[in-house]
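Atoms within a ligand are numbered from 1 in the order they appear, just like the ligands themselves. Small disclaimer: the values here were computed from a predicted structure and weren't measured.
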Amino acid sequence: MTVYGITFSPTGGTDKVTELLMEAMDGEKKMLSLLSEKEDYSKHIFKSQDICFIAVPSFGGRVPQEAVKRLGMMKGNQARAVLVCVYGNRAYEDTLMELKDAAREAGFVPAAAVAAIAEHSIMHRFAQGRPDETDQKELREYGQRIREYLDSQENPGELNVPGNHPYKELGTTSFIPKLGKDCNSCGRCAALCPVGAIDPDHVERVDEKKCISCMRCIAVCPKNARSLDRNILCAVEEKMAKLFETRKENELFLGENA
Ligand SMILES: Cc1cc2nc3c(=O)[nH]c(=O)nc-3n(C[C@H](O)[C@H](O)[C@H](O)COP(=O)(O)O)c2cc1C
């Protein structure tokens with residue numbers, strides 16, 4: 001049996017949560033990123049004994065569509081899946097429901113799910129520093145409970161998660177990171193963009209139709225040369241502040257026979 005962490009994590013928050021959840025699991029562990037534009041994901045064929053933590057951030061209450069597509073190319077072969085949605089303390093709406101449907105479609109058996117909070121990757125003042133110490137302890141405990149549940153159940157019961165059909169409409173975004181003067185054209189942003197939106201030979205050129213505003217180019221730049229327009233960001237933060245006011249808590253969902 002291998003325990004996989006299959007993640008789409010442009011700025012690392014989703015990876016952090018997944019690693020904490022996986023700590024309690026026995027056996028060989030492997031991380032597999034869904035961020036590569038070039039990888040042929042159809043080569044990933046799992047075994048029914050494997051356990052796959054499938055983790056995505058919530059983007060506008062939905063699963064990032066590239067993650068849905070890439071997951072859909074894999075063959076779950078009835079491997080049990082732990083679905084993980086990571087969000088920035090606003091709401092995750094239909095993310096877990098859509099992830100559950102996508103995992104099933106790819107042949108996984110959804111057995112457990114977690115919704116967890118991490119620092120907002122656009123508006124960093126929200127959920128700043130999360131997962132904090134309290135979250136970390138809780139997520140490790142969730143991992144333990146998931147392990148006990150999976151150990152005790154060969155066939156997980158129906159997994160109920162929040163969310164609706166039809167899903168919330170996909171959002172559009174005005175947050176396209178811009179290049180500043182500190183750029184030395186190293187090309188890292190273009191190489192690591194999950195949707196190939198940055199021209200590798202002219203990194204100042206961004207295909208705004210392709211960009212999904214995931215903020216990976218900002219996170220991976222060694223010169224901190226990419227950023228969002230401060231005025232737009234401040235205005236949106238002010239407008240949305242009420243939605244982020246209360247601290248949201250992590251949640252664990254287990255199959256009905258838990
Ligand atoms: C395009 C985009 C849309 C987002 N939409 C939401 C949202 O609807 N609700 C929320 O609480 N957080 C939202 N966030 C915050 C992310 O879900 C959160 O920061 C997550 O930890 C990012 O994962 P990563 O660090 O693995 O990239 C959004 C972030 C981005 C970049």
Should we say atom [atom1] of [X] is surrounded by more than 12 heavy atoms from elsewhere, each under 6.0 Å from it?
X	atom1	value
Asn155	CG	no
Lys43	NZ	yes
Glu105	CD	no

Please write down residue, atom name and distance for the protein heavy atom closest to [atom].
atom	value
atom 27 (O) of ligand 1	Thr11 N, 2.8 Å
atom 8 (O) of ligand 1	Arg90 NH2, 2.8 Å
atom 5 (N) of ligand 1	Gly60 N, 2.9 Å
atom 29 (C) of ligand 1	Ser121 OG, 3.5 Å
atom 2 (C) of ligand 1	Phe59 CD1, 3.5 Å
atom 12 (N) of ligand 1	Gly88 N, 3.0 Å

Below 4.0 Å, non-hydrogen atoms only: which portion of [X] touches ligand 1? Side chain, backbone, both or neither.
X	answer
Glu119	backbone
Thr7	neither
Ala91	backbone
Ile122	side chain

[X] neighbourhood, listing ligand 1 atoms whose heavy-atom distance to it stays under 4.0 Å:
X	answer
Tyr87	10 (C), 11 (O), 17 (O)
Ala118	21 (O)
Ser213	1 (C), 31 (C)
Val86	17 (O), 21 (O)
Thr14	23 (O), 24 (P), 25 (O), 26 (O)

Closest non-hydrogen atom pair, Met240 against Phe244: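 That would be O-CD1, 3.3 Å.
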Counting distance only, does the side-chain N/O of [X] pair as donor-acceptor with the main-chain N or O of [Y] below 3.5 Å?
X	Y	answer
Glu39	Glu37	no
Arg216	Pro10	yes
Glu98	Val63	yes

Got a second to check how far Leu192's CG is from Cys217's SG, nearest 0.5 Å?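 Atom-to-atom, Leu192:CG and Cys217:SG are 10.5 Å apart.
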Just checking, any donor-acceptor pair under 3.5 angstrom between side chains of Asp15 and Thr7?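 Their side chains do contain a donor-acceptor pair, which is all the 3.5 Å distance test asks for.
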As a check for students: among Ser58, Pro57, Gly61, Ser9, identify the option with a heavy atom nearest to atom 28 (C) of ligand 1.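 Of the listed residues, Ser58 has the closest heavy atom.
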Among Glu93, Lys248, His120, which residue places a heavy atom closest to atom 15 (C) of ligand 1?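 Selected option, by shortest heavy-atom distance: His120.
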Give the C-alpha distance, both sets of side-chain angles, the deciding distance and a yes or no for salt bridge (charged side-chain N to carboxylate O under 4.0 Å, His left out) between Arg62 and Glu93. CA-CA 7 Å; Arg62 297 281 305 269; Glu93 288 136 335; over 6 Å; no
Regarding ligand 1, does Gly13 bring an N or O atom to under 3.5 Å of one of the ligand's N or O atoms?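 Yes; the residue has a nitrogen or oxygen that sits under 3.5 Å from a nitrogen or oxygen of the ligand.
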With under 30° as parallel and over 60° as perpendicular, where do the rings of Phe46 and Phe108 fit, or are they tilted in between?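 Answer is tilted, since the angle falls between 30° and 60°.
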